[in-house]
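A short write-up of the structure that comes next.
What you are looking at is a predicted structure, and each value in this text was computed from that prediction instead of being measured. Reminder, nothing fancy here: chain letters follow the sequence lines and each chain counts from 1.
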Number of protein chains: 2
Amino acid sequence: MSERRTQILEAAVRVIAQDGVRGLRIPKLATEAGVSTALIYYHFSDRAGILRAALDHINQRARQYTRPALAGSDDPRTRVERMLLLELQDDEGIRLNSIAWGELRASATFHPDLREPLQASTGAWNADVEALVRQARDNGSVAGDVDPAAAAERLTALVEGLSERWHSGSLTLGRARRLLTQAIVLELRP
Amino acid sequence: MSERRTQILEAAVRVIAQDGVRGLRIPKLATEAGVSTALIYYHFSDRAGILRAALDHINQRARQYTRPALAGSDDPRTRVERMLLLELQDDEGIRLNSIAWGELRASATFHPDLREPLQASTGAWNADVEALVRQARDNGSVAGDVDPAAAAERLTALVEGLSERWHSGSLTLGRARRLLTQAIVLELRP
DNA sequence: GTCTATACAGAGATAGAC
DNA sequence: GTCTATCTCTGTATAGAC
């Protein structure tokens with residue numbers, strides 16, 4: 001992956017987080033990346049190609065900041081909490097990524113070609129949380145009658161719902177985090 | 001409200017549900033409504049005006065199909081369930097409405113002028129569910145230590161998260177409904 | 001690889017007849 | 001109220017020089 005490609009993709013994440021997938025304009029992306037529109041077409045096939053590459057880029061970034069929580073040394077129950085709360089954070093980088101990711105999710109409703117990568121990422125996230133829940137259950141820090149798959153799916157879906165309300169100004173970050181923390185208790189029980 | 005206006009708004013809901021807010025094209029809307037583009041500008045100020053009116057229209061439709069569940073004669077606990085599951089249904093009209101609603105929610109992240117109406121609708125929905133939960137609690141069909149406001153907010157946010165996964169093909173309708181039903185039990189307890 | 005300049009299509013919006 | 005015709009602007013994408 002060339003320098004330039006990365007530079008353009010980083011700019012794309014910023015533009016998507018600001019204007020949405022639907023609002024991404026090639027001239028604006030060019031300005032944001034500090035290059036000409038022609039150069040963008042030299043590195044990417046077309047607008048759809050840019051979008052696909054940007055999504056991929058967003059996923060990789062997410063996987064990066066997610067890994068530590070997944071593999072940390074704390075007990076699994078704590079790691080579940082940390083991993084879920086990760087998406088509801090004020091860190092600039094994570095916030096941009098989260099907004100862009102939400103946009104991708106919403107766009108997939110209307111662009112079937114985005115569905116497959118979306119499903120893959122969502123599935124991977126679910127599976128990670130599920131594995132942690134299962135560990136925690138075997139470990140005794142989570143009630144024995146909990147269904148790890150269902151709990152994980154509900155909690156990640158809740159994170160998405162809360163995130164969207166946060167991004168669209170219907171919910172403060174603090175309240176979103178509190179609601180999620182309580183949901184984790186209800187799902188996993190102490 | 002004139003016939004024509006309504007006809008155009010109904011068409012707008014269909015187009016938004018199919019192509020999204022960003023994908024709404026005036027010429028396509030005109031075709032869908034069976035009128036000329038000029039007539040649309042006769043009835044609405046501009047594109048943004050159409051969007052605002054469409055959002056309002058969607059809300060009113062939602063309130064209509066929501067009312068029966070709200071005021072039904074069953075016990076409140078049953079009504080909570082019915083009201084939440086309402087959004088996850090295969091009925092064509094409700095599905096279109098739900099998709100369009102999700103689109104507007106997602107768009108509000110990037111269009112501040114959509115935030116206020118969005119907050120109002122979300123708040124009204126939350127309040128309705130909260131009131132039912134409170135009734136059910138006073139009535140004994142819901143555990144006494146449940147926080148009606150928090151439970152309502154979590155459940156509606158979960159509905160939105162599950163809906164979006166359903167619309168984008170990451171989750172089947174049946175599984176979404178099952179996950180939600182279980183969440184209601186966890187939140188309210190029998 | 002990167003730019004400037006530009007072709008081309010499609011969208012929003014209006015003029016003016018009926 | 002409603003249409004046909006059209007103007008204008010913006011966005012995607014490419015040609016061709018460097």
Can you give each donor-acceptor pair under 3.5 Å made by side-chain atoms of residues 178-190 of chain B, sequence neighbours left out, with the distance rounded to 0.1 Å?
from      : atom 1 : to        : atom 2 : distance (Å)
Thr181(B) : OG1    : Arg177(B) : O      : 2.7
Gln182(B) : OE1    : Arg154(A) : NH1    : 2.7
Glu187(B) : OE1    : Arg154(B) : NH2    : 3.2
Glu187(B) : OE2    : Arg154(B) : NE     : 2.6
Arg189(B) : NH2    : Asp145(B) : OD1    : 2.5
Arg189(B) : NH2    : Asp145(B) : OD2    : 3.3

Margin query: Show, in sequence, the C-alpha distance, side-chain angles and deciding distance for Arg61(A) and Glu10(A), and conclude whether the salt bridge (charged side-chain N to carboxylate O under 4.0 Å, His left out) test is met.
Written below: CA-CA 10 Å; Arg61(A) 281 176 40 146; Glu10(A) 289 288 331; 3.1 Å; yes
Next item on the list: Carefully, step by step, assess Tyr65(B) and Asp91(B) under the rule side chain to side chain contact (heavy atoms under 4.5 Å, CB included).
Entry: CA-CA 11 Å; Tyr65(B) 67 67; Asp91(B) 174 276; over 6 Å; no
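None of Glu153(B), Glu160(B), Glu130(B) except one satisfies the side chain to side chain contact (heavy atoms under 4.5 Å, CB included) rule with Trp125(B); the exception is Glu160(B).
Ion pairing between a basic and an acidic side chain is recognised when a charged N comes within 4.0 Å of a carboxylate O; Arg22(B) and Glu103(B) show no such pairing. Ionic pairing of Arg82(A) and Asp74(A) is present here: one or more N-O contacts between side-chain nitrogen and carboxylate oxygen are shorter than 4.0 angstrom.
In Gln89(A), the CD atom is crowded: over 12 heavy atoms of neighbouring residues, nucleotides or ligands sit closer than 6.0 Å.
Rounded to whole Å, the distance from NZ on Lys28(B) to P on dA9(C) is 21 Å. Rounded to whole angstrom, the span from the CG atom of Leu51(B) across to the P atom of dG12(C) amounts to 10 Å. Rounded to whole Å, atom C1' of dG1(D) lies 14 Å from atom CZ of Phe44(B). As rounded to whole Å, 20 Å separates atom P of dA5(C) from atom CD1 of Ile26(A). Atom CZ in Arg47(A) sits about 22 Å away from atom P in dC8(C), given to the nearest Å. Arg22(B) places its CZ atom 11 Å from the C1' atom of dA11(C), with the value rounded to the nearest Å. Residue Arg5(B) contributes atom CZ, which lies 13 Å from atom P of dT2(D) at whole-angstrom precision.
Inspection of the Arg95(A) and Ser163(A) side chains reveals no N or O donor paired with an N or O acceptor under 3.5 Å. A donor-acceptor contact closer than 3.5 angstrom is absent between the side chains of Gln60(B) and Arg63(B).
Residue Arg4(A) has a polar side-chain atom (N or O) positioned under 4.0 Å from OP1 or OP2 of dT2(C).
Scanning residues 7-20 of chain A for heavy-atom distances under 4.0 Å to DNA chain C yields an empty list. Of the residues in residues 33-43 of chain A, Val35(A), Ser36(A), Ala38(A), Leu39(A), Tyr42(A), His43(A) come within less than 4.0 Å of DNA chain C through at least one heavy atom, sorted by number.
Among the protein residues, Leu24(B) comes within range of the sugar-phosphate backbone only, with heavy atoms under 4.0 Å from sugar or phosphate atoms but none that close to a base.
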